[in-house]
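Just so it is clear, the structure is predicted and the values come from calculations on it, not from any experiment.
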Amino acid sequence: AGLFGMMFALVKLFGDLPMLPLGAIQGNPDIAVPALIETLNSDDRETARYAIQSLGKYGVLARSAIPALKPYLLDSERRVWDSAVVALKSVDPDGAHVYLLPVLTEKLSNSDEREARLKCVLHLGRLGPFAKSALPLLRSLLEVEDKSVRRFATNAIKRISAEASR
């Protein structure tokens, strides 16, 4: 998303703002984060996704966005909830696993969409030892027909197990 994503989201919210102030806004999380949180209220899913991605770029400086980002984990559009997972891991690196793990395991259990399953498995693997409780579900994927799902599951299991044994 970066500056382009932020400009897109802010222009959609505030209208045609000059480029220079947007660059200044990006460098000032005290201004940008509240504006991006407001942008999350957009009815346009793409605008919300850009705002989510932009918030993630601020990392822990956007901690105030956590309550506004969490509902997007349940969004029906894969690109939106996937962006929310990435952003929340960046914004809340020490605590995101607490609310990401149940959402990801539920999505993985209930989705037949290949890309959604791959994203869930990838994110579970990135949670490392915090996703240890998801190992039985991930192991069950070793029996599915889809080679990519099996490969992603194998990698996630290795990553979770390796990090858990440290």
Side-chain angles (χ1 to χ4, degrees), residues 1-108 110-111 113-134 138 148 152 155-156 159-160 163:
L3 182 59
F4 171 75
M6 178 180 290
M7 289 183 339
F8 180 81
L10 292 174
V11 167
K12 293 279 273 187
L13 179 66
F14 296 115
D16 194 17
L17 298 173
M19 198 80 81
L20 183 60
L22 287 174
I25 289 170
Q26 182 189 29
N28 188 342
D30 293 336
I31 296 171
V33 169
L36 288 166
I37 291 170
E38 182 66 29
T39 305
L40 291 175
N41 296 324
S42 171
D43 291 334
D44 179 30
R45 306 314 302 143
E46 201 62 14
T47 300
R49 188 171 67 87
Y50 281 125
I52 291 165
Q53 291 173 338
S54 295
L55 285 163
K57 299 288 183 192
Y58 283 101
V60 296
L61 296 175
R63 287 185 73 83
S64 62
I66 293 171
L69 288 169
K70 281 183 180 181
Y72 288 94
L73 294 173
L74 304 176
D75 199 275
S76 60
E77 188 177 321
R78 179 183 37 83
R79 292 181 346 149
V80 173
W81 66 254
D82 178 55
S83 294
V85 170
V86 173
L88 282 161
K89 285 195 298 188
S90 173
V91 171
D92 189 11
D94 297 326
H97 64 278
V98 172
Y99 44 87
L100 291 179
L101 181 60
V103 169
L104 291 170
T105 54
E106 180 160 336
K107 283 185 181 295
L108 181 56
N110 297 323
S111 179
E113 182 194 349
R114 179 178 188 264
E115 292 302 316
R117 296 181 92 195
L118 291 172
K119 287 291 185 178
C120 288
V121 171
L122 181 69
H123 290 306
L124 286 168
R126 289 180 177 164
L127 290 179
F130 295 114
K132 195 173 180 180
S133 65
L138 291 168
S148 293
F152 274 53
N155 290 337
R159 189 169 184 178
I160 292 165
E163 291 183 27

Nearest 0.5 angstrom please: L88 CG to W81 CH2, how far?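 Going from CG on L88 over to CH2 on W81, the span is 13.0 Å.
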Atom pairs and distances, side-chain donor-acceptor, residues 114-121, under 3.5 Å, sequence neighbours left out:
residue : atom : partner : partner atom : Å
R114    : NE   : D146    : OD2          : 2.6
R114    : NH2  : S148    : OG           : 2.7
R117    : NE   : S111    : O            : 3.4
K119    : NZ   : D82     : OD2          : 3.4

Work out which heavy atom in [X] is nearest to a heavy atom in [Y]; give both atom names and the distance.
| X | Y | value |
| --- | --- | --- |
| A131 | L127 | CB-CB, 4.0 Å |
| L40 | A51 | CD2-CB, 3.8 Å |
| N41 | Y72 | N-OH, 4.3 Å |
| P29 | P34 | O-CD, 3.6 Å |

Quick check against the 3.5 Å criterion: does Y58 have a side-chain atom that pairs as donor or acceptor with the backbone of A32?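 Not at all, since once roles are kept as given, no pair shorter than 3.5 Å links the two residues.
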Applying side-chain contact (heavy atoms from CB on, under 4.5 Å), name anything that partners [X], two or more places apart in sequence or on another chain.
| X | value |
| --- | --- |
| I37 | V33, L55, S64, A65, A68 |
| T105 | L101, L124, A134, L137 |
| R79 | E46, R49, E77 |
| V103 | L73, L74, K107 |

_Tell me which one of R126, K70, K89, H123 satisfies side chain to side chain contact (heavy atoms under 4.5 Å, CB included) with L100._
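Of the listed options, the one satisfying the test is K89.
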Going by the rule side-chain hydrogen bond (donor to acceptor under 3.5 Å, both in side chains), which residues pair with E106 if we only count those two or more places apart in sequence or in a different chain?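 Expected list: none.
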### Query
Given side chains that start at C-beta, do those of L69 and D92 come closer than 4.5 Å, heavy atoms only?
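A side-chain contact under 4.5 Å is absent here.
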Within-4.5 Å side-chain heavy-atom neighbours: T39 and T47: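 They are in contact (side-chain heavy atoms under 4.5 Å apart), so the answer is yes.
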What pairs with F130 under ring-ring contact (aromatic ring centres under 6.0 Å, His included), at least two apart in sequence or on another chain?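 With neighbours one apart ignored, the set is H97.
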